[in-house]
Enquirer: 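Just dropping this structure here.
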Amino acid sequence: MMYRLFDKTRMRRIPSILKFVVFILCAFTFLWSCYSRKNEGVHFKNMDFTTNDKRTNDSVKISLRPYGQLLGDWECRLYTMTNGNWVKDTAYWSFNPILDGTAVQDFWWNPANKSQDKGKDFHGTNIRMLNPDTKKWSVVWVENEGNSIQGPWISYENDNNEILVKDSTETWQIRFYDIDTEKFLWDWKFLKDSIWEIRVKIEAVRYGSGQKFKLD
């Protein structure tokens with residue numbers, strides 16, 4: 001694995017019919033997003049699923065909080081802990097409202113990097129849907145290097161305005177933090193021998209904003 005966003009060994013089992021339904025939903029929304037944005041003539045680093053400003057007005061951002069803050073297109077510096085060293089890479093992340101503004105789908109693109117013996121692009125997509133009763137989100141993930149749906153996981157905003165994603169095992173956690181309109185940070189940590197270890201981290205700046213990466 002050069003970079004696999006979620007650990008399959010910790011995948012929470014869900015019924016086969018639900019997996020199939022979520023897979024169809026992911027595939028349909030991905031293809032429709034590509035088609036519609038291609039017709040709009042919007043491009044993001046040669047990928048045709050960027051956000052149209054008409055879809056990200058303030059009311060949509062508020063209704064989809066905390067993920068509403070992330071709607072739009074982001075350029076990312078990806079750092080993966082490999083053999084005791086941080087390996088840097090480039091990726092792109094696009095967050096879009098779907099299903100009449102009741103959910104968020106994000107598209108991850110990590111281009112092939114010959115210098116790291118990574119022969120093909122890595123693509124993945126999350127669908128994040130809010131439960132209005134619990135005020136928490138359900139998250140599922142699919143990718144082009146796997147043949148299964150991962151999740152659902154629980155996501156919510158804590159008192160520090162951080163977005164957390166985790167499952168029932170409590171052995172790993174994803175965190176979005178230091179979020180503002182032009183940048184955010186992300187990390188993914190695992191519990192090993194009662195100690196939390198960060199294995200992947202991301203610095204994201206809004207695409208086209210002119211923001212500079214601070215971790216470089």
Enquirer: Identify, with sequence neighbours excluded, every residue that meets side-chain contact (heavy atoms from CB on, under 4.5 Å) alongside L130.
Expert: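 Applying side-chain contact (heavy atoms from CB on, under 4.5 Å) to L130 gives W137.
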
Enquirer: Report the distance from atom CZ of F122 to atom CD of E145, rounding to the nearest 0.5 Å.
Expert: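 Spacing of CZ (F122) from CD (E145) equals 5.0 Å.
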
Enquirer: How about L78 and V200: do any of their side-chain heavy atoms sit closer than 4.5 Å?
Expert: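 Sidechains of V200 and L78: in contact.
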
Enquirer: Looking only at the aromatic ring of each residue, does the gap between the centers of W93 and F95 stay below 6.0 angstrom?
Expert: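 Between F95 and W93, the centre distance is under 6.0 Å.
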
Enquirer: Could you check whether any side-chain heavy atom of V165 comes within less than 4.5 Å of a side-chain heavy atom of Q173, counting everything from C-beta outward?
Expert: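 The answer is no, as the side chains (C-beta and beyond) never meet within the 4.5 Å cut-off.
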
Enquirer: Going by the rule side-chain contact (heavy atoms from CB on, under 4.5 Å), which residues pair with N160 if we only count those two or more places apart in sequence or in a different chain?
Expert: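 N160: side-chain contact (heavy atoms from CB on, under 4.5 Å) contacts with N158, E162.
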
Enquirer: Output yes when a side-chain donor or acceptor of D73 lies under 3.5 Å from a complementary backbone atom of S94, and no otherwise.
Expert: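 Side chain of D73 to backbone of S94: no pair is present.
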
Enquirer: What's the separation between atom CD1 in I202 and atom CG in L185, rounded to the nearest 0.5 Å?
Expert: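 Answer rounded to 0.5 Å: 10.0 Å.
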
Enquirer: Going by the rule salt bridge (Lys or Arg N to Asp or Glu O under 4.0 Å), which residues pair with K136 if we only count those two or more places apart in sequence or in a different chain?
Expert: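 For K136, no residue satisfies salt bridge (Lys or Arg N to Asp or Glu O under 4.0 Å) once neighbours in sequence are set aside.
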
Enquirer: One pair to check against side-chain contact (heavy atoms from CB on, under 4.5 Å): W74 and W186. What are the steps and the verdict?
Expert: CA-CA 12 Å; W74 303 86; W186 181 102; over 6 Å; no

Enquirer: First locate atom CD of Q211, then atom CD of E75, and finally report the distance between them rounded to the nearest 0.5 Å.
Expert: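 Here the interatomic distance stands at 11.5 Å.
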
Enquirer: Which atom pair, heavy atoms only, marks the closest approach of K212 to V205?
Expert: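 Minimum heavy-atom separation between K212 and V205: O-CG1, 4.1 Å.
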
Enquirer: Got a donor-acceptor contact below 3.5 angstrom from the E203 side chain to the K214 backbone?
Expert: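 Side chain of E203 to backbone of K214: a pair is present.
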
Enquirer: Looking at every non-hydrogen atom in both residues, tell me the closest pair between P111 and A91 and how far apart they are.
Expert: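 The pair with the smallest heavy-atom distance is CD-CA, 4.2 Å.
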
Enquirer: Restricting to salt bridge (Lys or Arg N to Asp or Glu O under 4.0 Å), what partner residues turn up for D187, sequence neighbours left out?
Expert: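 Counting only residues at least two positions away or on another chain, D187 forms a salt bridge (Lys or Arg N to Asp or Glu O under 4.0 Å) with R175.
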
Enquirer: Could you pull out all residues at least two apart from E197 that satisfy salt bridge (Lys or Arg N to Asp or Glu O under 4.0 Å)?
Expert: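 With sequence neighbours excluded, E197 shows a salt bridge (Lys or Arg N to Asp or Glu O under 4.0 Å) to no residue whatsoever.
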
Enquirer: Kindly determine whether W153 and S168 satisfy side-chain contact (heavy atoms from CB on, under 4.5 Å), including the steps that lead there.
Expert: CA-CA 8 Å; W153 304 299; S168 60; over 6 Å; no

Enquirer: Just do the side chain to side chain donor-acceptor pair (under 3.5 Å) check on D121 and N110 with the steps written out, would you?
Expert: CA-CA 6 Å; D121 293 1; N110 184 202; over 6 Å; no

Enquirer: Tell me, please, which residues at least two apart from Y177 pass side chain to side chain donor-acceptor pair (under 3.5 Å).
Expert: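 Counting only residues at least two positions away or on another chain, Y177 forms no side chain to side chain donor-acceptor pair (under 3.5 Å).
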
Enquirer: In the structure I gave you, are the side-chain heavy atoms of M81 and W86 within less than 4.5 Å of one another anywhere?
Expert: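 Sidechains of W86 and M81: in contact.
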
Enquirer: Which heavy-atom pair separates G101 from S63 by the least distance, and what is that distance?
Expert: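 Where G101 meets S63 most closely, the heavy atoms are O-OG, 4.2 Å.
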
Enquirer: Does one side chain, of T102 or D100, offer a donor that lies under 3.5 Å from an acceptor on the other?
Expert: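 No, because no side-chain N or O of T102 sits under 3.5 Å from a partner of the opposite role on D100.
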
Enquirer: Using every non-hydrogen atom in the two residues, find where N131 and D133 come nearest and quote the distance to one decimal.
Expert: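 Of all heavy-atom pairs spanning N131 and D133, the closest is OD1-N, 2.8 Å.
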
Enquirer: Looking at CH2 of W188 and CZ of R199, how far apart are the two atoms once the value is rounded to the nearest 0.5 Å?
Expert: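 One gets 8.0 Å once the value is rounded to the nearest 0.5 Å.
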
Enquirer: Could you tell me if D106 and N96 have a donor-acceptor pair between their side chains, going purely by distance under 3.5 Å?
Expert: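 Per modelled atom types, N96 and D106 side chains form no pair under 3.5 Å.
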
Enquirer: Against W141, only a single residue in N126, I149, T125 fulfils side-chain contact (heavy atoms from CB on, under 4.5 Å); can you say which?
Expert: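 Going through N126, I149, T125 one by one, the side-chain contact (heavy atoms from CB on, under 4.5 Å) with W141 is satisfied by N126 alone.
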
Enquirer: P97 and V60: which non-hydrogen atoms are nearest, and at how many Å?
Expert: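 Scanning both residues completely, I find the closest heavy atoms to be CB-CG1, 4.0 Å.
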
Enquirer: In Å and rounded to the nearest 0.5 Å, what is the NZ to OG1 distance from K192 to T171?
Expert: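 The distance works out to 13.5 Å.
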
Enquirer: Taking the side chain as every heavy atom from C-beta outward, state whether K88 and R77 have any atom pair closer than 4.5 Å.
Expert: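 Touching, per the 4.5 Å side-chain cut-off.
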
Enquirer: Using the test salt bridge (Lys or Arg N to Asp or Glu O under 4.0 Å), find all partners of R206 that sit at least two apart in sequence or belong to another chain.
Expert: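 Salt bridge (Lys or Arg N to Asp or Glu O under 4.0 Å) list for R206, sorted by chain: empty.
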
Enquirer: Only counting residues at least two apart or in another chain, list the ones meeting side chain to side chain donor-acceptor pair (under 3.5 Å) with S194.
Expert: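 S194: no side chain to side chain donor-acceptor pair (under 3.5 Å) contacts found.
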
Enquirer: Applying side chain to side chain donor-acceptor pair (under 3.5 Å), can you list everything that pairs with S155, at least two apart in sequence or on another chain?
Expert: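 Testing S155 for side chain to side chain donor-acceptor pair (under 3.5 Å), a comparison that skips the adjacent residues, returns Y67.
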
Enquirer: Taking atom OG of S138 and atom CE of M129, what is their separation to the nearest 0.5 Å?
Expert: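 Reported value, rounded in 0.5 Å steps: 9.0 Å.
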
Enquirer: Please lay out, stage by stage, how I163 and L70 fare under the test side-chain contact (heavy atoms from CB on, under 4.5 Å).
Expert: CA-CA 11 Å; I163 305 173; L70 304 179; 4.2 Å; yes

Enquirer: Mind checking whether W109 and Y92 have ring centres under 6.0 Å apart?
Expert: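 Centroid distance W109-Y92: below 6.0 Å, so yes.
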
Enquirer: Does the side-chain contact (heavy atoms from CB on, under 4.5 Å) test come out yes or no for Y156 and L164, once each step is laid out?
Expert: CA-CA 6 Å; Y156 59 91; L164 305 181; 3.6 Å; yes

Enquirer: List the residues meeting side chain to side chain donor-acceptor pair (under 3.5 Å) with K183, not counting sequence neighbours, and say none if there are none.
Expert: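 Once residues adjacent in sequence are excluded, the partners of K183 under the side chain to side chain donor-acceptor pair (under 3.5 Å) criterion are D180.
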
